[in-house]
Amino acid sequence: MKFFDQVYAFVREIALGKVTTYGKIAKALGTKDARKVGWALHANSDPKTPCHRVVDRTGRVAPNFARLQRFERSDCGQAFDGWEEQKRRLETEGVTFIDDMHVDLKEHLWHRP
DNA sequence: CACCTGACAAATT
DNA sequence: TAATTTGCCAGGT
């Protein structure tokens with residue numbers, strides 16, 4: 001099994017209303033290279049993978065995607081229609097935001113059962 | 001077919 | 001305290 005597959009599997013385990021970070025995933029997979037995780041999600045085309053529940057270490061999600069035009073329609077299948085859509089989804093799932101761009105990681109960071 | 005680069009993060013200097 | 005380096009895979013050019 002490749003890193004990508006493990007990333008996808010991990011992301012899919014995230015419960016509704018929860019989020020996780022690139023770093024957490026990287027560690028869980030036994031690597032220090034969080035770039036791979038981001039790259040994995042980038043390369044992902046599986047509509048079942050909830051990429052919108054993965055944010056950076058600070059809980060920031062919008063700027064990352066906003067600055068990369070190509071993600072607005074998404075390589076991530078159903079995941080994004082733009083960063084505002086992503087934020088909306090997260091809020092709908094029960095995730096609270098500290099401000100317009102930061103998820104409340106303290107409350108919603110995913111931990112395995 | 002070889003080289004470039006990318007949704008990140010944490011330890012050094 | 002901020003800037004730099006290390007981690008090191010896969011896909012794109």
Side-chain angles (χ1 to χ4, degrees):
Chain A
M1 204 184 225
K2 297 185 168 184
F3 287 103
F4 283 32
D5 300 309
Q6 294 183 41
V7 173
Y8 305 148
F10 192 94
V11 172
R12 252 155 77 212
E13 285 178 43
I14 303 172
L16 206 70
K18 293 291 179 183
V19 296
T20 194
T21 67
Y22 299 102
K24 285 285 188 200
I25 297 174
K27 263 185 186 174
L29 267 46
T31 179
K32 302 153 199 157
D33 194 358
R35 289 184 302 178
K36 284 194 306 231
V37 179
W39 189 244
L41 293 181
H42 164 110
N44 171 44
S45 54
D46 184 355
K48 290 200 288 282
T49 308
C51 303
H52 58 286
R53 295 190 191 133
V54 185
V55 297
D56 72 24
R57 156 176 93 72
T58 67
R60 183 172 60 192
V61 53
N64 305 341
F65 304 116
R67 92 185 188 206
L68 297 174
Q69 301 296 312
R70 56 178 171 157
F71 286 130
E72 288 192 4
R73 274 304 194 91
S74 86
D75 289 333
C76 223
Q78 40 101 41
F80 306 135
D81 283 320
W83 69 270
E84 16 179 45
E85 178 70 19
Q86 178 180 14
K87 179 171 177 261
R88 196 184 204 91
R89 274 172 191 261
L90 290 172
E91 288 177 323
T92 300
E93 293 179 359
V95 177
T96 55
F97 280 70
I98 296 174
D99 61 44
D100 284 347
M101 308 182 276
H102 295 80
V103 169
D104 190 348
L105 281 182
K106 195 162 65 72
E107 284 298 317
H108 302 289
L109 184 57
W110 170 245
H111 60 90
R112 293 220 239 180

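In what follows, chains carry the letters A, B, and so on, assigned in the order in which the sequence lines appear, proteins first and then strands, with residues in each chain numbered from 1.
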Original post:
Can you tell which of A:Leu109, A:Val103, A:Thr58 makes a side chain to side chain contact (heavy atoms under 4.5 Å, CB included) with A:Thr21?
Top reply: A:Leu109
**OP:** Count the heavy atoms belonging to other residues, nucleotides or ligands that lie under 6.0 Å from CZ of A:Arg12, then report whether that count exceeds 12.
**Re:** yes
Original post:
Given the P atoms of B:dA7 and C:dT13, what is the spacing between them in whole Å?
Top reply: 14 Å
**OP:** Return the set of residues passing salt bridge (charged side-chain N to carboxylate O under 4.0 Å, His left out) with A:Arg57 (not counting sequence neighbours), or none when no residue passes.
**Re:** none
N/O contacts under 3.5 Å, protein versus nucleotides 9-13 of chain C?
none

Original post:
Going by an N to O cut-off under 4.0 Å, is there a salt bridge joining A:Glu91 and A:Lys87?
Top reply: yes
Subject >> Contacts of type side-chain contact (heavy atoms from CB on, under 4.5 Å), residue A:Ile98, not counting sequence neighbours >> reply: A:His102, A:Asp104
Subject >> B:dA10 and C:dA10, which share atom name P, separated by this distance in whole Å >> reply: 22 Å
Subject >> Set of residues satisfying salt bridge (charged side-chain N to carboxylate O under 4.0 Å, His left out) with respect to A:Glu13, sequence neighbours excluded >> reply: A:Arg112
Could I get a table of every N or O pair under 3.5 Å where one atom is in the protein and the other is in nucleotides 9-13 of chain B?
unit_1: B:dA9; atom_1: OP1; unit_2: A:Arg57; atom_2: N; d: 2.3
unit_1: B:dA9; atom_1: OP2; unit_2: A:Arg57; atom_2: N; d: 3.3
unit_1: B:dA10; atom_1: OP2; unit_2: A:Arg57; atom_2: NE; d: 3.4

Which pairs of donor and acceptor atoms, one on a side chain in residues 28-38 of chain A, lie under 3.5 Å apart (sequence neighbours left out)?
unit_1: A:Thr31; atom_1: OG1; unit_2: A:Asp33; atom_2: N; d: 3.1
unit_1: A:Thr31; atom_1: OG1; unit_2: A:Lys36; atom_2: NZ; d: 2.7
unit_1: A:Asp33; atom_1: OD1; unit_2: A:Arg35; atom_2: N; d: 3.1
unit_1: A:Asp33; atom_1: OD1; unit_2: A:Arg35; atom_2: NE; d: 3.4

Original post:
Relative to the ring of A:Tyr8, is the ring of A:Phe4 parallel (under 30°), tilted (30 to 60°) or perpendicular (over 60°)?
Top reply: perpendicular
